[in-house]
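Have a look at the structure below before the remarks.
Read the numbers this way: they start at 1 and go in the same order the structure lists the ligands and their atoms.
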Amino acid sequence: MAEKLWGGRFSKETDDLMEQFGSSLPFDCRLYRADIKAGIAHARLLQKGGYISGREKDRIVKALREIESEIDAGKIKVSSGYEDIHSLILDRLSRKTGNLAEKLHAGRSRNDLVVLDTRLYLKEELAGLIGSIQSLQSALVKKGLQYQTALMPGYTHLQHAQPILLAHHLLAYVEMLERDRGRLEDARERMDVLPAGSAALAGSNLKLDQKLMAELLGFKRVAANSLDAVADRDFIVESLAALAMIGMHLSRLAGELVLWSTTEFHFAELDEAYCTGSSFLPQKKNPDPAELVRGKTGRLYGNLLAVLVALKGLPLAYNRDLQEDKEPLFDSLDTVRESLLIMTRVVKTLRFDRKALRNGVTRGFSSAPDLAEYLVGKGVPFQQAHRTVGRLVVWSIEEGKASGEITLKDLRRFSFKFDGQALKLLTPEASVAKKSTIGSTAPARVRRNLQRWRKKLRLS
Ligand code: ARG
């Protein structure tokens with residue numbers, strides 16, 4: 001066991017179980033690059049403040065870089081033996097530079113260091129996720145372009161409601177993901193604050209050029225309150241909330257993919273590379289990635305809740321409870337990263353069954369709302385029009401007539417306002433073509449939206 005950063009105050013060894021129970025190294029080891037970066041910047045500040053010489057700074061920086069490459073190369077075991085990654089790196093530094101290492105921790109505490117590292121790490125991770133969201137958006141837009149003319153039944157209550165374009169349905173997910181991307185950008189912007197200089201909680205007596213450090217590490221601002229800086233985990237909660245929302249959206253897409261790949265729907269088929277079979281049922285081809293993505297939503301919500309509860313009622317400033325922020329955060333980041341990647345591949349390779357979609361869209365009386373709106377255009381009050389078409393639907397069910405078989409004579413049994421134009425509304429193509437509002441499924445609007453996204457996402 002390495003020497004503790006706080007050994008001076010103690011005469012007794014820590015209990016083994018306590019060592020293990022308290023160590024965050026098994027999970028915060030992933031912060032090592034951030035911790036090294038933070039150490040290098042801090043060394044420059046100490047030099048500028050006159051606490052170490054230029055040569056000493058160079059030695060520290062060189063040693064820290066070596067430690068980084070050694071960890072990169074797997075030469076340092078980062079799984080046990082230390083309280084956390086900060087202690088491990090300082091200990092390694094002292095092995096390389098002796099007493100000099102003892103100078104580096106001046107003016108800082110693990111309380112401000114741990115949030116500095118986490119902010120650095122998270123900012124980078126979120127930037128990566130923003131890219132992954134855009135890849136999934138691109139896959140959805142490309143799929144929409146590939147099936148630009150395909151119609152499908154639009155649902156409410158999972159009952160046939162109105163015909164829509166498949167591309168319109170896919171673009172709905174692109175919009176959701178765009179809000180997700182925005183939330184990550186917002187969270188990133190708000191977390192762009194340097195906590196260094198706060199030390200344990202009250203700030204430091206040393207002359208530390210925090211603005212220089214912010215510049216060196218790419219932070220936009222310096223924290224205005226040292227107490228808040230070490231106690232604040234809002235940036236983690238915000239990220240977890242945004243990640244939970246991404247999971248929620250992915251689970252809705254995943255749920256539809258599961259539904260669409262059933263024998264009953266058969267709208268879509270997942271590529272074999274993303275399906276598995278059954279050990280007992282030879283005929284099975286299961287949409288596992290979609291089910292897993294849907295299932296993982298639970299842990300994303302759980303992680304958010306775990307951190308919210310850990311923070312509740314916590315007095316200022318640092319408390320060891322705060323160490324509980326990292327595992328949920330890392331788990332959510334990993335889960336969302338992998339889910340976005342797999343969903344992108346699933347969507348890229350997804351095949352739609354045009355026949356099944358066509359068959360689906362002609363069933364049910366999904367032109368009913370178009371007929372009602374047609375009557376409104378002829379001056380009939382909407383609710384009256386609604387009743388008239390309702391009666392027509394009941395009649396056609398009793399007669400066993402599909403909407404495509406209805407004649408003008410049939411229509412006029414229910415209202416003399418119906419004419420040849422109304423009859424033309426009875427195809428799904430006419431139904432979508434008639435839509436005129438912004439954001440509707442009108443083919444011209446969907447086409448324009450596809451082009452807008454194509455440009456925005458810089459697709460070929
Ligand atoms: N491992 C700790 C954490 O993740 C680092 C900060 C510890 N600070 C302290 N004073 N014990 O929160």
Give the numbers and elements of all ligand 1 atoms closer than 4.0 Å to a heavy atom of [X].
X    : answer
S24  : 1 (N)
Q323 : 1 (N), 2 (C), 3 (C), 4 (O), 12 (O)
N111 : 8 (N), 9 (C), 10 (N)

N or O contact, R320 vs ligand 1, cut-off under 3.5 Å: no
With a cut-off of 3.5 Å and sequence neighbours excluded, list every side-chain donor-acceptor pair involving residues 242-260.
{"from": "H249", "atom 1": "ND1", "to": "D180", "atom 2": "OD1", "distance (Å)": "3.2"}
{"from": "H249", "atom 1": "ND1", "to": "D180", "atom 2": "OD2", "distance (Å)": "2.7"}
{"from": "S251", "atom 1": "OG", "to": "M248", "atom 2": "O", "distance (Å)": "2.8"}
{"from": "E256", "atom 1": "OE1", "to": "H169", "atom 2": "NE2", "distance (Å)": "2.5"}
{"from": "E256", "atom 1": "OE1", "to": "Y173", "atom 2": "OH", "distance (Å)": "2.7"}

Heavy-atom nearest option to atom 12 (O) of ligand 1, drawn from Y318, Y82, F27: Y318
Contacts of type salt bridge (Lys or Arg N to Asp or Glu O under 4.0 Å), residue E215, not counting sequence neighbours: none
Closest approach of G39 to L64 (non-hydrogen atoms, all atoms of both residues): C-CD1, 3.6 Å
Could you check [atom] against the protein and tell me its nearest heavy-atom contact, residue, atom and distance included?
atom                    : result
atom 4 (O) of ligand 1  : K326 NZ, 2.7 Å
atom 5 (C) of ligand 1  : D84 OD2, 3.6 Å
atom 11 (N) of ligand 1 : R110 NH2, 3.7 Å

Axial cation check for F235 ring with R119, 6.0 Å and 45° limits: yes
Quiz item: cation-pi between R30 and F330, 6.0 Å / 45°: yes
Approximate separation, where rounding is to 0.5 Å, of K77 NZ and L25 CG: 9.5 Å
